[in-house]
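Shown next, in C-alpha cells, is the structure this report addresses.
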Amino acid sequence: MARPAQAASRAGRTGGPGVAPAEMPADRTALRPAVAAAVSTRRGIELLLLAFAAVLTTGALVLVEANQNQQLTLQLLYLGLAYLALFSAAHVAVRRFAPYADPVILPCAALLNGLGLVMIHRIDLALALRASLQGNPAPDANALRQIAWVALGLTLFVIVLWRVRDHRTLARYGYTAGFIGLVLLALPAVLPSALSEVNGAKIWIRVGGVGIQPGEFAKILLTVFFASFLVAKRDLFTTAGKHVLGMTFPRPRDLAPLLIAWVVAMGVLVFESDLGTSLMFFGIVLAMIYVATERSSWVVIGLVIFGAGAFAAWTFVDRVQTRVAAWLDPLSDPTGATYQVSQGLFGMATGGMLGTGLGAGRPELVPLSSTDFIFTSMGEEIGLIGLMALLLLYCLIATRALRTALAVRDTFGKLLAAGLGFTVAIQVFVVAGGVIGLIPNTGQAAPFMSYGGSSLVANYVLVALVLRVSDAARRPAAEKGRSEPGAAPTPPRTPLAEAHTEMVSRSEAATPPHGNPVAPATPPRGRARE
Amino acid sequence: MPELVLQLTRAAFLALLWLFVFAALRVVRSDLYAASGLRAAVPGRRPSKGGATKPGRGGGRSSGPKALIVTAGALAGTRIALDGRPIMLGRADDSTLVLDDDYASTRHARISQSGDDWYVEDLGSTNGTYLDRNKVSGPTKVPPGTPIRIGKTVIELRT
C-alpha cells in the first residue's frame with residue numbers, strides 16, 4: 001500500500017492535503033466520501049429550521065387574524081407557503097453558492113422577518129380600523145410594501161452570494177467601499193431638509209415617494225473598509241505606549257484614525273441629529289479596533305471621547321436635549337414630547353410576562369409602532385418571554401458571526417465577520433435600549449423586524465456576507481479550488497498584507513528539503529502549485 | 001374568540017417560539033466544544049469504509065502517537081488526530097495547522113511519519129523550529145510528549 005502514502009507525502013510536499021485529490025484522480029473517489037463524512041454541510045437542518053420558522057410565522061398570522069375577528073381563510077395558509085417558498089429560494093441559493101455556510105443564521109433572520117411582517121400587518125389592521133372609525137380612508141398597507149422589500153432583500157442576498165465567491169476579493173475594494181460609505185453617511189446631512197428629513201432626523205434620501213436610509217448601507221461598506229484597513233495597518237494600532245492601570249495605551253500620535261472616526265460620528269450626531277447612526281458607526285469602529293488589537297485601552301479611549309462629544313452635543317443641540325430629557329424622565333410630558341416613549345413603556349407593561357396575545361393588544365397606540373418601536377409592539381403582544389426569545393435570536397445571529405470570525409483562517413475574513421456581527425448586536429442594542437429607556441431613544445430600525453426597506457435589504461446583504469465568510473471557514477480543504485467547476489486548483493495566495501519576510505535562498509519548489517523520511521523515492525511534483 | 005382558546009394559543013405560540021430557539025441552539029451546540037480557529041477535520045482523516053482503500057500505514061496502529069496537541073500560543077487546546085498524513089505548520093491558508101504567529105513563516109515546518117515514528121522537519125523558516133530547546137536542522141525524530149516550539153506556539157504529540 002505505497003500509493004496512498006505516497007500521495008499523502010506528495011500532498012505534503014505540494015502544500016497540503018488540499019491538492020492531493022486534484023493530483024490523483026484515482027484517489028478522488030476514495031477521498032470524497034471521507035470528506036463528506038468529516039464535514040457535513042448541514043443544509044438539511046437549515047431547511048428544517050426554515051420550515052419551522054414558516055410554521056411559527058403562519059401560526060402568528062392565524063392568531064392575529066383570529067384575535068382581530070377576521071375570517072380565517074385558506075389564504076393565510078397560502079401566505080405561509082409563499083413565505084416558505086421565498087426563503088426556500090434563498091436556501092437553494094445558499095446550497096448552490098455557499099454549501100458549507102452556517103445553518104442557523106438564515107433561519108433566525110427569516111423568523112425575525114416573518115414575525116416582523118405579521119406585526120406590521122397587525123398594526124395595518126389596527127390603523128385601518130381606526131381610520132374607518134374616524135371616517136378616513138384606510139392608510140396604505142405597509143405589510144404589502146414590506147413583502148416587496150423582503151423579495152428585493154432576498155434577491156440582493158442571492159446576488160451577493162452569487163457574485164462574491166470569495167470574501168477576500170472585497171478587501172481589494174476596501175478604500176472604495178470606505179469612500180462610498182462615507183459619502184452615503186454624509187449625503188443626508190448636505191441634502192436639503194425637504195429631501196432628507198423625516199421626523200427631525202436627517203438620515204433619509206427621499207426621491208419620488210420612496211425613501212432610503214443610506215446609513216444602513218454605509219454601515220456594511222464601512223465595515224468592509226475597516227476590515228481591510230485594519231489588516232493593512234494593524235501595526236499602527238499595536239505600537240507600544242504607556243502602561244496605565246494594566247492597559248497599554250497607544251501613543252498620542254497614533255490616535256489619528258480613531259479621532260477621524262470620532263469627528264465623523266460627531267458630525268452625524270450634530271448635522272443629522274441622529275444619535276443611533278452615530279453610536280452605531282462609532283461602536284463598529286471601536287469593536288473592530290478591539291478585535292484587531294486585543295487592547296482594551298482603545299475601547300476606553302473611544303468611549304471617553306464619545307461620551308465627551310455626546311455631552312457637548314447635548315449642551316448645544318436642541319433635539320438631542322429633548323431626547324435626553326425624554327430618556328431621563330419618560331413621564332415628564334406624557335401627552336407631548338415624551339408621548340411615544342411613555343406609551344411604549346405602558347405597552348410593554350400591559351404585555352407583562354406572557355403578553356396580551358398576538359392581535360389582542362393595542363400596539364398601534366405608540367407612534368411609529370411598526371418601525372422604531374416594533375420592540376414595544378412585540379413586548380405588548382408576546383410579553384417579556386416572547387421578547388427575550390426574539391433577543392436571543394438576534395444574539396444567535398451575532399454569536400454565529402463571531403464564531404465564524406474565530407473559525408475563518410484569514411485575517412480580513414475574521415475582521416469582516418466580527419465587524420458584521422457587532423453591527424447587528426450594536427443596532428439591536430441601540431433600538432432595544434432606546435425603547436426600554438436604557439439609553440436615549442434614537443430611532444433606528446430593528447434589523448429584519450421593523451418596517452423599512454433600507455434596513456431590511458441592507459441586513460440581508462449583511463447576512464449574505466457573513467454566510468460567505470462562514471462558508472469559507474467551514475469548507476474542508478479538499479473542497480477548495482472546486483468551488484468553480486472546471487477551474488484549475490489555484491495555489492492559495494497569501495494577501496500581501498499578511499505576507500511575512502521569508503528566506504528566499506531556499507526555494508521550496510526548486511530544492512526540496514533533503515532526507516524526507518516518508519517517501520524518499522518519490523520525486524517532488526509541484527505541479528499543482530505552479 | 002373564547003378566552004380559554006386565546007390563553008392556550010398564546011402559551012402555545014410562546015412555547016413554539018422557544019422551541020425554535022432551543023432547536024437553533026442545539027444545532028450550534030456541537031461547535032461549542034470544538035476548538036476554535038481550526039478546521040479539525042483533515043480530509044481523509046477517517047478511512048472510508050467502502051473497501052476502496054485497503055488499510056494503509058495510516059490506520060489500525062496500536063502504538064505511536066495518536067494526536068497532536070497545541071499546548072501554548074494562540075491555538076492552545078487545539079487537537080488534531082494523526083492519521084499518517086504529514087502535518088503542515090505555517091501561516092499559509094492551506095496548512096493543517098494555520099499559525100497566526102508573528103514568528104511563523106508561511107510554510108514553517110512539517111511533521112511526518114516514517115514507520116511508527118514521527119519526524120519534524122523545518123522548511124526553511126525564518127525563525128526556526130525547536131524540538132525541546134534544540135533547533136531542528138534536518139528531519140528529527142519526535143518522541144511523544146516532547147514539545148516542538150514555533151514562535152510562541154508549542155505543540156506536542158500525544159499517544
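Keep in mind that what you see is a predicted model, and the values were worked out from it rather than measured. Below, read A as the first sequence line, B as the second, and so on, with proteins coming before strands; counting in each chain starts at 1. Reckoned from all heavy atoms, side chains included, excluding hydrogens, waters and symmetry mates.
- With a threshold of 4.5 angstrom between heavy atoms, A:Ile385 approaches chain B through its backbone and through its side chain.
- Contact between B:Ile150 and B:Ala104 at its shortest, heavy atoms only, is CG2-CB, 4.2 Å.
- The closest donor-acceptor contact from the side chain of B:His108 to the backbone of B:Met88 lies at 3.5 Å or more, if one exists at all.
- In this structure a side-chain-to-backbone donor-acceptor pair under 3.5 Å is present from A:Arg474 to A:Ala101.
- Contacts of A:Leu354 with chain B are made by both backbone and side-chain atoms, with heavy-atom separations under 4.5 Å.
- Taken to the nearest 0.5 Å, the CG atom of B:Leu19 stands 12.0 Å off from the CZ atom of B:Phe13.
- Between chain B and the options A:Val104, A:Leu56, A:Leu115, heavy-atom pairs under 4.5 Å are most frequent for A:Leu56.
- For A:Thr356, the part sitting under 4.5 Å from any heavy atom of chain B is the backbone (N, CA, C, O) and nothing else.
- Looking at A:Leu396, the atoms closer than 4.5 Å to chain B (heavy atoms on both sides) all sit in the side chain, from C-beta outward.
- With a threshold of 4.5 angstrom between heavy atoms, A:Ile45 approaches chain B through side-chain atoms but not through N, CA, C or O.
- Between the side chain of A:Thr399 and the main chain of A:Cys395, a donor-acceptor pair closer than 3.5 Å is present.
- Counting only distance, with no hydrogens or angles, the side chain of B:Arg26 and the backbone of B:Val28 share no donor-acceptor pair below 3.5 Å.
- Proximity to chain B (any heavy atom under 4.5 Å) is shown, for A:Leu49, by both the backbone and the side chain.
- With rounding to the nearest 0.5 angstrom, the CE atom of A:Met378 is 8.0 Å from the CG atom of A:Leu112.
- Under a 3.5 Å cut-off, the side chain of B:Glu121 and the backbone N or O of B:Arg110 do not form any donor-acceptor pair.
- Here A:Gly355 is the residue among A:Cys108, A:Gly59, A:Gly355 with the most heavy-atom pairs under 4.5 Å with chain B.
- Heavy atoms closer than 4.5 Å to chain B are found in the side chain of A:Leu111, but not in its backbone.
- Heavy-atom distances place both the backbone and the side chain of B:Leu16 under 4.5 Å from chain A.
- Of the two parts of A:Ala405, neither the backbone nor the side chain holds a non-hydrogen atom closer than 4.5 Å to a non-hydrogen atom of chain B.
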